[in-house]
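A, B, ... follow the sequence lines: proteins, then strands. Residue 1 opens every chain.
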Amino acid sequence: MNAASRLAAALLAGCVAGTGALAQTLNVVGPWEIAGIDPAQTGYVFSRMQVAETLVTTEPSGQLAPGLAESWSVDADGLTWRFALRGNAVFHDGTPVTAEIAARSLERARDGVGVLEQVPIAEITHDGPEVVIRLNSSFAALPAYLVHFSTIILAPSSYDDAGRVTQILGSGPYRIDRLTPPLKMELVESGQWWGGSPGIAEVSYTAAGRDETRAIMAESGEADLVFSVLPVSVDRLRRNPDLDIQIATIPRSRIVKLNAASPFFDDIAERQAISHAIDRLGISNVIPRNPDLAATQLFPPAMPGWHQADLPPLEHDAGRAAELLAQAGWTPGSDGILQQDGRRFSVTLLTYSNWPELPPIATALQAQLREVGIEMNVAVGNSSEIPARHQDGTLEMALISRLYSIVPDPIGALLTDYGPGGGDWGATGWDNDQMQAVIADLAATADPEARAPLQRRAVEILQEELPGIPVTWSELAIVSGKRITNVQVDPLEVNYGLAAIRWAE
Amino acid sequence: MRRFLLLRLAQAGIVTLVVGAACFALMRMLPGDPAMRIAAGRYGPDAQIAQAAERVRLELGLDRPLAVQFLDWLGDLARFDLGHSLVTGAPVLEELKVQLGASAWLAFWAVAVSLLIGPLAGVLAGMRPGGMADRAGLALSIGLRAVPPFLLALGLMLVFAVGLRLLPAAGYGTARQMVLPALTLGLGLAAVSSRVTRNAVATVTHAPHYLFARHKGLPEAALIRRHGLRNAATPVIAYLGVQAIYLVEGVVVVESIFAFPGIGHALVHAIVERDVPMVQGTALVMGLMFVAITAMVDAITAWLDPRPRSA
């Protein structure tokens, strides 16, 4: 036997031997790489995969639900919050989850980058089994902020002397057996979860950046659960009888962010004209391949309280766009491009490829705006270019994908997007006192009845003023094999509920 | 021999300095604010990047004078410390161990696949230029070379993972997961190395010394073994050296489609995210590998063909 045939024999033997060994592991595939283990960076992987837990979590319906905290309450002045921990939670190193440890873990999260920066926290302490958070001003959305992955509660031994996270010792049903950043993580049942034993004891996560790879891994049966399959592959996988496909509408909108202080967009009529020039239905049919995703307002129907079904929709009407532009003083130049006081309507739209659908949507917008006499150049770059150009005021237009469930209450996103000075992923050059007042009221109001009219007002202002122009809403496709059952879809992507998944009989 | 090694060591030292300085300078010359890029790399495109960037700037001392930052890196290097990644926070050496290690294995197996196929097909074709084997080899080689590795990879996945269910489509960690990426790269390499071999063999078999050996009546097998292979091997080995380098650095597409944690993928990320220590460390180790591989190729060709040494 020569070397070549020996090698071939060894490879074949490996193929046969390997097939059996994989049968016991739940194989999860998603696009998210594990770049570093700082919770502020990749905490979502550990939260979704149920390695680490937060004080508060969410139901698949979006309602807040008890996590490590069994219940919570706020004093009458709205300044002191108490989160009562469940008594039976244990970290993977055997340490009980106490209020003292949780408070210290939250303090560390607050020192780093993360959503807690936006909360007016005075101090985080503990009192018996309760984590006590004192605020400088009333902030009703605090529990929603404690769902964010940067606030996962870790065991004291997760940190080094300098307070940096060196390993992830959480309290979830799975502990990390082996972590090979950036692409692979292997988990085993922790054996001491307060919620009982997970249905499947071993889980492996593989990050596959390309959609084609994820789709093929689902088809070949080597992945049991695949997240974020693109529409182009979903169509094919639907025809496969061995696979189940679930689609969730997620609170993410693709919007055109524009600089309302630039001479091109400072007139509300100009922004409305751009909105009328956009054929949302056409884009939704071709790129996300679902006409229902045409964004007739900022928030999708899956966001109750925020989506206003009776609001006049944003519509495609090129004629109306032309009228509005003429009204704003733009007249066609000799080259067919609009002009105003000798200035051509020529702008640059920045976008980025972290979401593969953004560049094609940008080119569709380019063609649609050309129809009404606007020359739009598309520049695809790094996502950080947009906040950078927002900060220095040179941004003209940007196509972005904005997540409104960074914290499960969209008020979190509104505060950063439409507060004074606008935001990296919100308004540029648009300061609206009325909007700011509504947002401030919303942040301080917990009662749903009192919030409803405020929510409506906020949405109406955004629809009228268009500091950002909604283009399409988003979906998340999850593909699972018939080998497993009880797969739940979490549109907020807080927790994939792996512990509830069972092998199909 | 000693002179050869000393020369190569000096070469390695110069490579270290030049590569380190060039990476540092080039990374600073790229447009865009490094703190913003690093923050975007760390916290993703949903985060409040501008806020995070200010913290990053303070944490990493990015506003210190450039000369100070470069001397810092040199000082660490003198202690064989490549520093920490600005994005993941992990030691660069650890990251290289995983990612460069993975790429090196992949490159090894890809070269092994191409060695199994390329030279063999090349010898067959070169023995009878214009014959059936030569023409079939040419067609196959052009075909394999013309198909982008991305498509070849998808084709192999569809056949071996979805169709036959024989091999995993993607992933990393087991020998089985190495097969398809190695095959994708190996076939592409074999497509070219078979033609290089074919030309070398064709040239040798028409050389006067070879024709003379045939005329004196040597059997065909002994003829190839004694007068053919060694002479034809020189250009092939030199070409393999070039291929090995190409493999380690040029396989980003193949790595990303097979979800393989290789260095090409890591380097692209590091450059986009302005992870200077990671870029410097990677370029440095790859530069040194280049020196090592060329040294090896030179040594082997010198052994195969001692003429230049005595001339």
Side-chain angles (χ1 to χ4, degrees), chain A residues 3-4 7 10-12 14-15 18-19 22 29 33 35-38 40-41 112-115 117-118 164-165 180-184 186 206-210 212-214 216-217 219-223 352 354-355 381-388 390-391 400-403 406 416 423-425, chain B residues 32-33 35-53 55-56 85 87-90 94-95 98-99 112 116 120 150 153-154 157-158 160-163 165-179 256-261 265-266 269 272-273:
Chain A
L7 178 76
L11 288 176
L12 271 178
C15 299
T19 329
L22 287 173
V29 174
E33 292 193 4
I37 59 167
D38 181 355
Q41 290 177 231
V113 171
V115 294
E117 277 180 313
Q118 294 148 29
R164 286 207 320 198
V165 177
T180 320
L183 300 184
K184 194 157 185 186
E186 285 149 281
T206 303
R210 298 211 63 103
E212 296 87 349
T213 313
R214 296 195 293 277
I216 286 182
M217 288 177 90
E219 275 181 297
S220 70
E222 67 190 277
Y352 47 105
N354 299 59
W355 279 279
N382 184 265
S383 64
S384 70
E385 291 300 312
I386 294 167
H390 163 80
Q391 299 287 336
I400 62 176
S401 175
R402 180 65 171 135
L403 182 66
I406 298 261
T416 55
D424 289 357
W425 306 112
Chain B
D33 176 359
M36 289 290 260
R37 289 300 186 95
I38 294 166
R42 281 187 187 181
Y43 305 109
D46 282 329
Q48 295 301 310
I49 295 172
Q51 251 175 339
R55 283 168 175 269
V56 166
S85 158
V87 174
T88 69
E94 289 293 312
E95 302 248 344
V98 175
Q99 313 193 62
L116 279 180
L120 196 70
F150 183 78
L154 279 179
M157 282 166 140
L158 286 173
F160 289 100
V162 179
R165 301 234 166 176
L166 208 57
L167 289 165
Y172 169 71
T174 66
R176 303 172 63 234
Q177 286 164 323
M178 189 71 87
V179 180
S256 71
I257 187 136
F258 285 108
F260 200 88
H265 176 87
H269 274 251
V272 168
E273 291 158 2

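- At a 4.5 Å heavy-atom cutoff, the contact between Ile406(A) and chain B is made by side-chain atoms alone.
- To the nearest 0.5 angstrom, Met157(B) atom CE is 7.5 Å from Met217(A) atom CE.
- The contact between Ala208(A) and chain B is made by backbone and side chain atoms together, counting heavy-atom distances below 4.5 Å.
- Interface summary for chain A: among Ser256(B), Gly44(B), Gly171(B), the most heavy-atom pairs under 4.5 angstrom belong to Ser256(B).
- Proximity to chain A is limited to the backbone of Phe260(B), based on heavy atoms less than 4.5 angstrom apart.
- Proximity to chain A is absent for every atom of Thr174(B), based on heavy atoms less than 4.5 angstrom apart.
- Contacts between Gln99(B) and chain A at a heavy-atom distance below 4.5 Å involve the side chain alone, from C-beta outward.
- Proximity to chain A is limited to the side chain of Val98(B), based on heavy atoms less than 4.5 angstrom apart.
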Open item on the list: Pair Glu222(A), Arg176(B) - check salt bridge (Lys or Arg N to Asp or Glu O under 4.0 Å), show working.
Closed with: CA-CA 12 Å; Glu222(A) 67 190 277; Arg176(B) 303 172 63 234; over 6 Å; no
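- Heavy atoms of Asp46(B) lying under 4.5 Å from chain A belong to its backbone as well as its side chain.
- Residues Pro182(A) and Thr88(B) fail the side-chain proximity criterion, which asks for heavy atoms closer than 4.5 Å.
- Of the listed residues (Asn382(A), Thr206(A), Leu403(A), Ile386(A)), the greatest number of heavy-atom pairs within a distance under 4.5 Å of chain B belongs to Asn382(A).
- When heavy atoms are compared at a cutoff of 4.5 Å, Arg37(B) approaches chain A by way of both its backbone and its side chain.
- Using a 4.5 Å cut-off between heavy atoms, Gln391(A) contacts chain B through its side chain alone, with no backbone atom that close.
- Partners of Gln51(B) by side-chain hydrogen bond (donor to acceptor under 3.5 Å, both in side chains), not counting sequence neighbours: none found.
- With a threshold of 4.5 angstrom between heavy atoms, Ala47(B) approaches chain A through N, CA, C or O but not through any side-chain atom.
- Atom-to-atom distance recorded for Ile257(B):CD1 and Ile216(A):CD1 is 6.5 Å, nearest 0.5 angstrom.
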